[in-house]
Amino acid sequence: MNAVDLSVYLVTDRGLSGVRGVKETVLAAVRGGATVVQLRDPDATTRDLVVEARALVGLLRPHRVPLIVNDRVDVALAADADGVHVGQSDMDASDARALIGQDRILGLSITEEADLDRSDLTVVDYLGVGPVFATPTKADAAPPMGMAGLKRIATRTGLPIVAIGGLHAGNAADALAAGAQGVSVVSAICAAPDPEAATRELAEIVRAARAGR
Ligand code: TZP
Ligand code: MG
């Protein structure tokens, strides 16, 4: 399977990036040590999404930071992105894998323990597990599972896990202690006054937590 450093996984949000914009936010996060970027913009047109994905691939590839496209296998392929992330109501993981091939990264959202039995996990490179905490960032998010839920899921799978939902510098270490390899954040970086500094702080916390294992 494809190895991916999940330490600090930025999920983009156009609204929360404000006047700074998504590209500037992504560049700041990369300077701060983000290890993966996911393009997420459920309201964008397909055409705009492909343009945005292509631009982000161009920005990120020189830094060797992978660009993952949320939900959209077609957009990921059109833009030659490094991977795609599917949720429980998106295309099934095995169908996504068949379309993207072996060499692109495939992530799958797990919102509750039962989701582990709903897909063929052998085709997946990592799991996005959450929401850990309630978050205003995703209106249709599943009920929060808490750190206990994250821990239960982590004990049931050997796949790398990135935790998501309400995570920030104050609780990132707990997510790693619960079994995640990294933290996936939207507002903690996109809405930060200084996204580079916010990312650097998260990266340092994750590095220290991993070193202490
Ligand atoms: N999926 C589950 S929760 C969430 C997504 C995309 C949003 C997380 O946003 P934040 O601001 O990091 O809580
Ligand atoms: Mg989705």
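Just so it is clear, the structure is predicted and the values come from calculations on it, not from any experiment. Note that these values count all heavy atoms, side chains included, but never hydrogens, waters or copies made by symmetry. Remember, it's 1-based here, ligands and their atoms both numbered in the order they're listed.
Ligand 1 has no atom lying under 4.0 Å from any heavy atom of H168.
Of the options T12, D80, V57, V36, a side chain to side chain contact (heavy atoms under 4.5 Å, CB included) to L67 is made by V57 and by none of the others.
Considering backbone and side-chain atoms together, S187 places an N or O closer than 3.5 Å to an N or O of ligand 1. Considering backbone and side-chain atoms together, G166 places an N or O closer than 3.5 Å to an N or O of ligand 1.
Using a 4.0 Å cut-off between a side-chain N of Lys or Arg and a carboxylate O of Asp or Glu, D117 and R156 qualify as a salt bridge. Ion pair E112/R118 flagged as a salt bridge, since at least one NZ, NE, NH1 or NH2 atom sits closer than 4.0 Å to an Asp/Glu carboxylate oxygen. Between D82 and R61 there is a salt bridge, since a side-chain N of the basic residue sits under 4.0 Å from a carboxylate O of the acidic one.
Although no hydrogens or angles enter the test, the distance criterion places a donor-acceptor pair under 3.5 Å between the side chain of N171 and the main chain of G166. Put simply, the side chain of R20 gets close to the backbone of P193: a donor and an acceptor are under 3.5 Å apart. In terms of modelled atom types and a separation under 3.5 Å, the side chain of R97 and the main chain of G101 share a donor-acceptor contact.
Side chains of R210 and S7: a donor-acceptor N/O pair is present below 3.5 angstrom, by distance only.
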Worksheet entry | Candidate pair T199 and E196, rule side chain to side chain contact (heavy atoms under 4.5 Å, CB included), full reasoning | CA-CA 5 Å; T199 309; E196 179 178 341; 5.8 Å; no

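Atom 10 (P) of ligand 1 has its nearest heavy-atom neighbour, among T137, L16, V11, V185, in T137.
Close approach to T135 involves these atoms of ligand 1, each under 4.0 Å from a residue heavy atom: 3 (S), 9 (O), 10 (P), 11 (O), 13 (O).
For atom 1 (N) of ligand 1, the closest heavy atom belonging to the protein is K138 CD, 3.5 Å. Closest protein heavy atom to atom 8 (C) of ligand 1: V186 CG2, 3.8 Å.
With a cut-off of 2.8 Å, the protein N/O/S atoms near the Mg ion (ligand 2) add up to 2.
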